[in-house]
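Numbers here simply count residues along the sequence, with the first being 1. Note that the structure is predicted; figures quoted are calculated from it, not measured.
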Amino acid sequence: MKFGVVVFPGSNCDRDVAYVTRDLLGQPTRMVWHQDTDIADLDVVIIPGGFSYGDYLRCGAIARFSPVMQQVVEHAQKGKLVLGICNGFQVLTEAGLLPGALARNRDLHFICDRVPLTVESTNSLWTQAYNSGEVITLPIAHGEGRFYADEATLSEIEDNGQVVFRYAGENPNGSLNNIAGICDRQGNVLGMMPHPERASDPVLGGSDGLKLFQGLLEKVVALA
């Protein structure tokens, strides 16, 4: 399985993701510059965290117009896999690949912490290695991570089982329904504010995030 990690001006978690896919999992991984327009060789596209284009205007608003994003949209429309982490989640909502939006945190503060999450759904390829209802711990680091959607969209997300992760216990940023991560209706596009790549090596204090990538690999190999 070949991974591609998109790099925007201002990305700062791209190498962290590549360390997981290339060094820990031994999978071919290519860094994809935001001006690239050929990603046909990739099976999985990951949009990492950071501050794409300095988060000017609105988080993810400028990155959405990068040349590579049209290719990412087409990649997703073909049913191929896309993961957006933190700023990447914001980019995916701006690009229309995921519903809702990410707004300023409830208390208007940047939050950097480790938080417990409940795995809401194991129907997605991304969560095959988890158990439904399992509580895991992942780091968060964001100033605009409060998930918001209008009432109709929120009901649709819930009814379709698109909520993948929820904050367990205290809601750190005021996200509606404690939502920390969602997928599209087909389940191939996942966006999440917590950072699984920062919890994929025990030397960093936890490996709950590694199961996200391991489960994906195991499922795809089984289907091959």
Side-chain angles (χ1 to χ4, degrees), residues 1-22 27-104 124-126 141-149 153 157 162 164-165 179-197 212-213 216 220:
M1 174 175 285
K2 187 170 185 179
F3 288 84
V5 183
V6 177
V7 182
F8 298 107
S11 295
N12 66 8
C13 300
D14 44 335
R15 265 60 184 180
D16 298 347
V17 174
Y19 171 71
V20 175
T21 60
R22 181 189 60 225
Q27 300 300 305
T29 300
R30 174 163 78 88
M31 309 308 287
V32 181
W33 186 234
H34 69 116
Q35 293 179 332
D36 289 351
T37 57
D38 185 1
I39 60 172
D41 60 314
L42 303 177
D43 300 301
V44 185
V45 174
I46 301 177
I47 304 178
F51 304 90
S52 58
Y53 295 92
D55 277 349
Y56 289 113
L57 298 183
R58 187 174 60 249
C59 292
I62 299 178
R64 176 259 179 275
F65 293 101
S66 287
V68 74
M69 283 307 300
Q70 179 57 45
Q71 309 308 313
V72 174
V73 170
E74 293 177 8
H75 179 92
Q77 290 173 342
K78 293 175 182 176
K80 294 185 176 183
L81 295 162
V82 178
L83 170 62
I85 302 169
C86 198
N87 186 231
F89 187 7
Q90 296 162 343
V91 174
L92 292 181
T93 60
E94 291 286 341
L97 285 175
L98 290 173
L102 284 308
R104 292 288 301 277
S124 168
L125 285 172
W126 295 101
H142 57 253
E144 299 185 30
R146 178 169 58 90
F147 182 80
Y148 175 82
T153 301
I157 291 170
Q162 291 175 242
V164 179
F165 298 106
I179 291 174
I182 62 171
C183 64
D184 64 347
R185 296 194 66 167
Q186 291 72 38
N188 58 301
V189 179
L190 171 65
M192 56 190 298
M193 288 310 298
H195 288 264
E197 80 283 7
L212 185 84
F213 303 97
L216 175 66
V220 170

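- Listed by chain and residue number, nothing satisfies the ring pair (Phe, Tyr, Trp, His ring centres under 6.0 Å) test with Phe51 (two or more places apart in sequence, or in another chain).
- Nearest heavy atom pair, residue Ala141 against residue Cys86, reads O-SG, 3.4 Å.
- Of all heavy-atom pairs spanning Asn12 and Gly50, the tightest one is OD1-CA, 3.1 Å.
- Within the 3.5 Å criterion, the main-chain N or O of Lys80 finds a donor-acceptor partner in the side chain of Asn188.
- Looking at Asn87, its side chain does come within 3.5 Å of a backbone N or O of Ser52 through a donor-acceptor pair.
- Scanning for ring pair (Phe, Tyr, Trp, His ring centres under 6.0 Å) contacts around His195 gives an empty result, with sequence neighbours left out.
- In this structure, Ser66 contributes its side chain and Val68 its backbone to no donor-acceptor pair below 3.5 Å.
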Side-chain polar contacts of residues 2-9 - donor-acceptor pairs under 3.5 angstrom, sequence neighbours left out - could you list them?
| from | atom 1 | to | atom 2 | distance (Å) |
| --- | --- | --- | --- | --- |
| Lys2 | NZ | Asp41 | OD2 | 2.6 |

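- Using a 4.5 Å heavy-atom threshold, the side chains of Pro99 and Gln162 count as touching.
- Taking the side chain as every heavy atom from C-beta outward, Arg15 and Met31 approach each other to under 4.5 Å.
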Side chain to side chain contact (heavy atoms under 4.5 Å, CB included) between Val44 and Trp126, worked out: CA-CA 11 Å; Val44 185; Trp126 295 101; 3.7 Å; yes
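- Side-chain N/O atoms of Gln90 and Glu94 include no donor and acceptor closer than 3.5 Å.
- Looking only at side-chain heavy atoms (C-beta outward), Val17 and Val20 stay at 4.5 Å or farther from each other.
- No side-chain donor-acceptor contact under 3.5 Å links Gln27 to the backbone of Thr21.
- Looking only at side-chain heavy atoms (C-beta outward), Asp184 and Leu97 stay at 4.5 Å or farther from each other.
- Residues Pro48 and Ile46 approach most closely at CD-O, 3.6 Å, considering heavy atoms.
- Expressed to the nearest 0.5 Å, how far CD1 of Ile179 lies from CE of Met192 amounts to 13.5 Å.
- Between Ala180 and Pro194 the shortest heavy-atom distance is O-CD, 3.4 Å.
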Test log, rule side chain to side chain contact (heavy atoms under 4.5 Å, CB included), inputs Arg30 and Asp36: CA-CA 12 Å; Arg30 174 163 78 88; Asp36 289 351; 3.9 Å; yes
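- Under the 4.5 Å side-chain criterion, counting only non-hydrogen atoms from C-beta, Phe89 is in contact with Leu102.
- When all heavy atoms of Leu212 and Pro196 are compared, the closest pair comes out as CD2-CG, 3.8 Å.
- Not a single donor-acceptor pair under 3.5 Å links the side chain of Asp14 to the backbone N or O of Asp16.
- Looking at heavy atoms from C-beta onward, Tyr148 lies out of side-chain contact with Thr93 at the 4.5 angstrom threshold.
- In this structure, Arg104 CZ and Glu144 CD are separated by 6.0 Å, a value rounded to the nearest 0.5 Å.
- For the side chain to side chain contact (heavy atoms under 4.5 Å, CB included) with Leu92, the lone residue among Ile47, Ile182, Leu83 that qualifies is Ile47.
- For the pair His75 (side chain) and Leu81 (backbone), a donor-acceptor distance under 3.5 Å is present.
- A 4.5 Å side-chain heavy-atom check between Asp38 and Gln71 finds every atom pair outside the cut-off.
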Leu190/Val82 under side chain to side chain contact (heavy atoms under 4.5 Å, CB included): CA gap, chis, key distance, verdict: CA-CA 6 Å; Leu190 171 65; Val82 178; over 6 Å; no
